[in-house]
Amino acid sequence: MKNQTIRKLLVANRGEIALRIFRTAKTLGVKTVAIYSEPDAASLHVAAADEARLVGPAEAAKSYLNIAAIVAAARETGADAIHPGYGFLSERPEFARAVAEAGIVFVGPRADVMAALGDKVSARKIAVAAGLPVVPGIESAEIKAVRSFTEEHGYPLLVKAAAGGGGRGMRVVADDKSLEAALEGASREARAAFGDGRVFIEKYLARPRHVEIQILGDEHGGLIALGERDCSIQRRHQKIIEESPAPGLAEATRARMIGAALSLARAAGYTNAGTAEFMVEGDKFYFLEINARLQVEHPVTELRYGVDLVAAQLTVANGGHVSELPAPRGAAIECRIYAEDAEHDFRPAIGTLLHLNVPSGPGVRFDSHLAPGVVVGAWYDGMLGKLICYGEDREQARSRMVAALDEFTLLGVTNNAAFLRAIVASDAYCKADLSTHFIEEHFKGWRGGSESDDAALVAAAMAAVGTPGAAASLAPASMSDGRVTPDRSPWSELASFELWKSSR
Amino acid sequence: MKNQTIRKLLVANRGEIALRIFRTAKTLGVKTVAIYSEPDAASLHVAAADEARLVGPAEAAKSYLNIAAIVAAARETGADAIHPGYGFLSERPEFARAVAEAGIVFVGPRADVMAALGDKVSARKIAVAAGLPVVPGIESAEIKAVRSFTEEHGYPLLVKAAAGGGGRGMRVVADDKSLEAALEGASREARAAFGDGRVFIEKYLARPRHVEIQILGDEHGGLIALGERDCSIQRRHQKIIEESPAPGLAEATRARMIGAALSLARAAGYTNAGTAEFMVEGDKFYFLEINARLQVEHPVTELRYGVDLVAAQLTVANGGHVSELPAPRGAAIECRIYAEDAEHDFRPAIGTLLHLNVPSGPGVRFDSHLAPGVVVGAWYDGMLGKLICYGEDREQARSRMVAALDEFTLLGVTNNAAFLRAIVASDAYCKADLSTHFIEEHFKGWRGGSESDDAALVAAAMAAVGTPGAAASLAPASMSDGRVTPDRSPWSELASFELWKSSR
Amino acid sequence: MKLKRESGEELDLELLGHDGAKVRVRVGERQIAAEVQAVSGGGAIVTIDGKRFRVASARRNSSILVAVGPRNFEFEPVEESRRQHRGLAATEIVAPMPGKVLNLMVKEGDVVETGQPLAVIEAMKMETTLAAESPAIVKRICVTAGQMVDHGAVLIELSPPPDSSGRESAPPET
Amino acid sequence: MKLKRESGEELDLELLGHDGAKVRVRVGERQIAAEVQAVSGGGAIVTIDGKRFRVASARRNSSILVAVGPRNFEFEPVEESRRQHRGLAATEIVAPMPGKVLNLMVKEGDVVETGQPLAVIEAMKMETTLAAESPAIVKRICVTAGQMVDHGAVLIELSPPPDSSGRESAPPET
């Protein structure tokens with residue numbers, strides 16, 4: 001790193017993103033400090049760091065959201081910079097402020113910029129002032145104002161929480177009948193969730209895509225865009241598949257979106273990495289919000305541009321300059337593996353990871369903190385890892401993703417890998433018929449295919465031979481005949497397919 | 001694949017390269033057939049294929065070198081193409097011929113081209129005729145002719161086997177005194193090793209680099225080069241670290257080398273993927289040989305060019321055209337993990353793999369068939385896998401390699417990972433002071449550092465608590481208290497650090 | 001043995017035997033012939049009618065977990081006794097996952113209707129509302145709001161509603 | 001215990017004890033203080049003087065294999081002293097560490113085979129099964145299940161098996 005001032009970096013996060021940031025820090029010769037909550041003591045992100053500090057119990061409010069404890073950990077270990085990752089405190093201006101006040105470099109935008117962009121109403125104002133198109137809407141939830149808005153723009157409309165995110169406090173209103181109840185409900189939900197009951201009104205777009213622009217700015221006025229990502233494939237308003245470039249997006253639209261993102265970033269005085277999110281319908285696009293941090297899906301941009309965005313963040317945080325990049329190449333897709341049941345409303349799952357096959361090979365990257373024995377609990381976000389595939393073109397990236405998901409096995413925690421595989425292999429995805437309603441349109445009520453059922457039954461029958469209620473210890477022949485059997489697998493020999501210990 | 005005719009591909013190989021080829025075939029919708037020898041039945045390359053055929057016992061001559069059995073396996077399974085991988089039969093014209101005669105597509109150059117290039121004397125003639133510089137030398141080992149050669153070029157000189165490879169039948173002759181004995185010895189060795197006692201004479205280069213050009217030709221006269229790879233870091237005349245671009249190579253030299261490689265390929269009527277190897281000293285280069293197959297180190301080219309060379313091979317084998325590529329980007333380095341003892345003359349090691357940590361993350365690729373339980377025997381080549389790192393520049397690729405090797409653990413089979421780590425982290429490597437004598441010059445008699453000794457002693461003391469002679473079964477508390485402990489690790493709880501079964 | 005799939009489907013499954021790599025399994029009236037080959041690092045290739053599947057399995061408590069590539073299956077033994085027991089025990093509201101009790105909407109003695117929300121539990125930032133599956137009386141509240149609970153913990157005990165004494169012997173299905 | 005490194009160097013190594021995550025090891029005259037933390041997926045982080053090492057270990061036959069990152073170590077027990085000791089003491093099963101006798105699997109008069117488990121002792125939350133190193137007759141049980149014993153306490157006395165009287169002075173090699 002040029003002009004290196006950051007010598008020790010604390011990552012105020014856990015899981016795959018902490019691990020990923022540590023990996024880059026290590027390549028730059030920057031020492032690393034992990035923080036962790038009690039149940040994360042054995043986590044790979046803790047193992048990857050040069051130092052580690054326990055900051056609290058499982059409950060995030062007392063650990064990963066505990067600003068005082070985290071700043072204290074940085075002080076005690078002599079960390080001179082803090083990277084917030086995504087989620088947790090990453091977009092909390094009071095954290096950025098507390099870090100700066102402790103004389104520690106915050107790897108992200110300034111607290112005041114974050115505060116201005118974090119509030120949706122304020123961000124929208126900045127965007128409008130900077131000349132960005134926004135979805136027609138009004139900042140008031142006053143019933144008369146809303147009615148006069150609907151006279152001009154019609155139904156349906158969308159009620160959103162000013163302080164919100166993740167779909168909470170959000171309502172689609174189909175007609176005038178349900179308007180009042182929706183306004184009240186959204187406000188109540190927003191107050192409960194964010195402590196801030198303000199809501200605002202937007203025209204509801206029928207079939208938009210979600211496309212976002214990655215930006216990177218330095219403290220010297222340098223600002224670049226690193227192309228776009230299409231993140232339309234969502235369930236419960238949360239992305240599960242992202243890709244770059246956005247297939248079928250007109251070059252002119254892309255160029256205008258990049259221009260808009262840069263204008264907004266300039267207007268807001270934005271520094272470090274950030275993402276401007278847009279809704280796109282045809283060649284029209286509307287500003288949605290800025291995420292003032294590294295995104296979960298940043299690797300698709302890294303693969304296309306051949307850059308390390310975390311390294312770039314550290315360069316900028318060090319007072320360095322952003323530099324123009326070579327043209328992007330090929331295509332990249334990311335699938336997020338979640339601990340959830342895709343066959344039952346994506347309800348969250350928990351469990352202990354018992355067996356894991358990770359795909360690899362040309363163009364395949366897996367960012368994850370998973371390992372056998374990892375306990376996926378209910379405390380934190382259920383994202384278990386990100387499978388990212390690069391290709392010379394979209395079709396190669398896509399077919400690599402299908403093959404990689406076929407190699408992927410995660411036993412012990414119900415997860416969405418088979419669902420992701422079904423999506424990526426589908427005609428609709430091949431044709432890139434993308435909109436935020438993709439799953440609703442093409443995969444509503446999805447159930448896994450039955451092709452592999454018989455194989456599962458054979459495995460179950462073999463596994464069941466050591467019937468429940470039999471001895472706890474089913475030591476197989478291979479354990480006592482002098483061979484080393486390092487992995488507890490029911491398959492290490494056909495004749496000794498029962499290798500687990502039942503856990504009663 | 002355009003004009004697809006190949007529908008089912010048999011890979012006449014094993015290990016990482018078979019697995020890697022299957023991965024690409026799968027992305028192209030090509031069905032796959034694995035062959036395997038008896039000890040490889042559980043290998044990942046067998047698991048990765050759509051079908052698998054046992055072709056013989058462990059001994060390679062009866063399995064992976066068994067042309068009749070392999071062609072029969074292709075016939076029985078209806079495979080319409082065979083990829084030879086590298087090593088084994090990959091450069092045996094009689095195999096290419098037998099495959100073609102069976103009406104099966106051979107993924108590689110034609111048998112006659114392979115035969116012409118496989119013989120070093122014949123390849124040298126073709127090269128000279130095509131205008132390539134070769135190391136000054138004569139094709140005769142007749143003592144008078146050699147003496148008149150040394151009068152012009154001086155000592156030292158090199159005696160090489162015409163049919164040779166891998167350093168066998170090769171002698172450096174320092175002076176006239178030892179000339180006759182060296183000629184006789186080399187010839188005897190060549191006869192024993194290759195059934196062909198012909199040797200030839202070359203001027204011995206004092207401190208050359210090994211640089212090679214990747215070429216790819218189609219059946220329609222299309223021919224491209226995909227830049228160069230520096231493979232200077234060798235032990236026992238075998239590469240262990242390769243990279244692209246070749247650091248410090250003058251652009252003009254690179255361009256002339258690429259021109260030479262293309263001229264030669266054109267002169268030889270070369271099709272499919274191949275590599276022209278050169279010795280380089282300063283801005284001078286000398287043709288060495290053509291490897292008429294995919295190289296072990298092809299991934300560094302893939303990462304720089306963003307291409308899939310196996311996919312390109314299949315396109316060409318299908319009668320497709322090669323296309324010009326976008327400019328290369330960044331830098332890539334490959335480290336070969338070998339089962340060998342780098343502290344004791346790189347003597348080969350064997351064993352059962354007990355525990356494996358595979359690095360991942362941005363810019364890291366690991367091509368390998370390794371998994372816990374894999375038995376590394378003495379039958380086949382001891383290469384266990386290839387760790388390949390990409391970077392925006394050489395320094396990023398290099399620092400990622402250091403970090404990746406620090407994450408790499410392979411327990412149970414003595415291997416060279418720590419040695420590779422020491423090389424890649426060294427000043428000499430940072431400065432790219434590359435020559436084929438690199439290891440001799442900088443790492444002769446290398447021993448691992450002592451920094452980690454105390455940690456190893458702590459681990460050993462903990463592991464030893466269940467003293468030898470105690471019972472085979474040291475069930476830890478965690479196994480009986482209702483928790484699932486899927487991995488046999490001595491560390492799953494500090495208090496239960498002995499989880500293995502001793503394997504008397 | 002009788003197993004229940006995660007879908008609720010019940011299967012009568014039996015390993016009829018194996019001979020080397022060949023395995024025969026009975027599913028109800030149907031037989032499956034398969035070849036099984038272990039794979040380095042865990043799991044096996046199961047070949048059925050020439051088609052190969054990469055399979056892994058493990059046990060968790062009494063359940064059998066199976067993965068075929070990215071797809072997961074869970075089989076639970078069907079135990080007659082437990083089923084009957086559960087029939088009686090439907091009067092317990094249990095935590096479907098570990099989490100935090102956010103809200104309790106009823107108090108002891110309340111009469112509740114089918115579908116009436118009883119408690120809200122939060123896990124992974126998501127709220128799940130637990131509702132009565134039949135009319136009942138709240139017999140006992142076993143937790144307090146804010147409390148962390150484990151999977152399967154009993155939150156609320158219910159007793160049959162006053163007018164349903166005749167249904168006691170035919171408890172509601174769960 | 002005496003261990004030989006792959007380099008040939010002999011070490012006298014002893015686990016002096018541990019307290020939570022803290023471990024003390026003696027190497028010859030020198031002591032090493034370390035902190036040990038298990039890592040998901042296997043292995044542990046060993047911290048010595050603030051420096052952290054990622055460590056994994058396994059046993060192969062009598063050897064102990066250790067990896068610190070990419071670097072591998074192999075330790076082999078040095079047999080001399082132990083053999084002598086074993087010659088005399090093979091007839092006593094002693095506690096290898098202070099702990100609690102969890103289980104006794106044999107009774108006086110039993111004839112036991114090589115490798116047959118005799119007792120389980122728990123120390124540092126870890127169970128260690130002690131087995132017979134050669135065929136023998138259980139002469140005396142010196143402790144009861146549940147009893148706390150000190151390092152070196154004799155748990156069980158063995159006598160040579162009936163058919164080996166001639167070998168008493170030269171017990172079989174194991």
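What you see below is based on every heavy atom in this structure, not just the backbone, and it leaves out hydrogens, waters and symmetry mates. Throughout, a chain's letter reflects where its sequence line sits, starting with A, and its residues are numbered from 1.
- A salt bridge is defined here as a Lys NZ or Arg NE, NH1 or NH2 lying under 4.0 Å from an Asp or Glu carboxylate O, and R7(B) with D80(B) fails to meet this definition.
- The existence of a salt bridge linking E35(C) and K22(C) is confirmed by a sub-4.0 Å separation between a basic side-chain nitrogen and an acidic carboxylate oxygen.
- The residues R60(C) and E74(C) are annotated as salt-bridged, a charged nitrogen and a carboxylate oxygen being separated by less than 4.0 angstrom.
- Applying the 6.0 Å contact sphere to NZ of K8(B) captures more than 12 heavy atoms from other residues, nucleotides or ligands.
- Annotation: cation-pi geometry not satisfied between K26(B) and F22(B) (NZ/CZ under 6.0 angstrom from ring centroid, within 45° of ring axis).
- Annotation: residues 41-51 of chain B contacts chain C through A41(B), A42(B), S43(B), L44(B), V46(B), A47(B), A49(B), D50(B), E51(B) [non-hydrogen atoms, separation under 4.5 Å].
- At a threshold of 4.0 Å, the pair D308(B)-R20(B) counts as salt-bridged, since one of the basic side-chain nitrogens sits closer than that to a carboxylate oxygen.
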